[in-house]
Amino acid sequence: MASSSEAEILRVSQVIRDRWKVKSKIGGGGFGEIYEATDLQNHNECVAIKVESSKATKQVLKMEVAVLRRLQGKRHACKFYGCGRNDEFNYLVMSLQGKNLADLRRETPRQCFSLSTSIRIAHQILEGIREIHSIGFLHRDIKPSNFAMGRSTSNQRTVYMLDFGLARQFLNQKGEMRSPRSAAGFRGTVRYAAVTAHKNKEMGRQDDLWSLFYMLTEFIQGSLPWRKIKDKDEVGRMKENVDLNALLEDCPLELHQFAIHLKSLGYIDTPDYDYLERLLSQVERENGFTMDEPFDWEIN
Ligand code: ADP
């Protein structure tokens with residue numbers, strides 16, 4: 001696994017395939033590194049390049065490319081510009097987005113978003129999750145740093161889903177559900193993982209939605225009860241035993257209904273996305289939130 005202390009894969013001013021000129025590193029440390037670059041063949045348009053060392057023990061970029069290509073044309077997917085490999089690295093070039101939601105939350109004074117921003121963002125994330133499920137894949141690492149706002153005037157109010165490194169196909173070629181494995185290694189991020197993941201069980205569509213539910217709760221409340229607990233099993237137990245009334249104190253009733261629906265779902269069940277969207281729309285309507293009102297970070 002690459003760490004930030006290791007040498008970086010790309011250097012500033014390096015040009016990839018005579019076309020993309022590296023400007024700066026903007027993220028990474030997990031499985032890959034993310035760079036901002038300019039497209040020399042397209043008016044120096046800014047793009048993002050994700051790279052992975054050819055020597056990386058876990059090669060995930062191929063999966064990312066496969067998923068991103070299938071998501072093309074969907075509202076919450078980055079544009080795919082190209083990919084390739086050489087002796088040193090594998091790369092994926094895509095549209096450059098703005099700040100991720102973890103950074104945006106961190107920049108707020110109370111580490112939380114207003115109910116209006118939280119619900120409207122969650123609504124877009126729900127659409128994004130629905131899009132990836134519609135192509136037969138689970139994301140399996142839904143968390144705030146894997147969503148970014150657009151960066152141009154035309155898309156800065158749209159949420160983009162990032163990082164398909166842990167994605168898994170849940171439908172086979174015939175469009176049928178793959179049989180669940182009896183044991184699966186833990187995937188994802190402890191704070192946002194569904195109980196299924198903590199139990200090392202095969203994840204289903206509802207588990208991406210559980211992660212969204214934890215994200216939304218954190219956006220509104222500013223933290224989750226297990227935020228300081230490092231032990232994965234302990235966090236799993238806390239999630240399993242959590243009292244929804246305490247977790248969702250002062251949150252709209254619709255969030256309870258959201259969780260109750262998720263609780264009713266197992267691996268083979270198709271979540272009722274329309275119902276979940278209706279719940280979020282209901283909160284928006286009841287509170288008079290409109291699509292054109294500014295997000296918290298757009299004020300002042
Ligand atoms: P990793 O798999 O190494 O965690 P990610 O794909 O999650 O890498 O990206 C890490 C961070 O880099 C994201 O949280 C985001 O801030 C930034 N990032 C990734 N892709 C883009 C992109 N297309 N545009 C802008 N920023 C991006």
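Counting convention: from 1, in listed order, for ligands and their atoms alike.
- Applying the side-chain contact (heavy atoms from CB on, under 4.5 Å) rule to A167 yields the partners M63, V67, F137, F164; only residues at least two apart in sequence or on another chain are considered.
- For an aromatic pair to be called close, the ring centres must be under 6.0 Å apart, and W210 with F258 fails this.
- Close contacts between ligand 1 and N146 involve ligand atoms 7 (O) [criterion: under 4.0 Å to a heavy atom].
- Between D163 and ligand 1, a contact under 3.5 Å exists for at least one N or O pair.
- In this structure, a donor-acceptor pair under 3.5 Å is present between the side chains of Y91 and R17.
- For Y192 and E218, the side-chain atoms include at least one donor-acceptor pair closer than 3.5 Å.
- Residue S95 places a heavy atom under 4.0 Å from ligand 1.
- No hydrogens or angles considered: nothing links the side chains of K201 and T196 as a donor-acceptor pair under 3.5 Å.
- Listed by atom number, the atoms of ligand 1 under 4.0 Å from L162 heavy atoms are 13 (C), 15 (C), 18 (N), 19 (C), 20 (N), 21 (C).
- Close contacts of ligand 1 with I26, meaning ligand atoms under 4.0 Å from a residue heavy atom, involve 26 (N).
- Checking N155 against T158 by side-chain atom types alone, no donor-acceptor pair falls below 3.5 Å.
- Ligand 1 lies out of reach of A148, whose nearest heavy atom is not under 4.0 Å from it.
- Annotation for ligand 1: atoms under 4.0 Å from non-hydrogen atoms of L96 are 24 (N), 25 (C).
- For ligand 1, the atoms closer than 4.0 angstrom to any heavy atom of A48 are 22 (C), 23 (N), 24 (N).
- Classification of K50 and E33 as a salt-bridged pair fails, no side-chain N sitting under 4.0 Å from a carboxylate O.
- Across the listed options K50, K99, R151, K50 owns the non-hydrogen atom lying nearest to atom 2 (O) of ligand 1.
- Applying the salt bridge (Lys or Arg N to Asp or Glu O under 4.0 Å) definition to pairs two or more places apart or across chains, none involves residues 256-269.
- Close approach of ligand 1 to S145 is summarised as follows: ligand atoms under 4.0 Å from at least one heavy atom of the residue are 13 (C), 14 (O).
- Taking a cut-off of under 4.0 Å to the non-hydrogen atoms of M94, the atoms of ligand 1 that pass are 20 (N), 23 (N).
- Interface of N100 with ligand 1, defined as ligand atoms under 4.0 Å from a residue heavy atom, comprises 14 (O), 15 (C), 16 (O).
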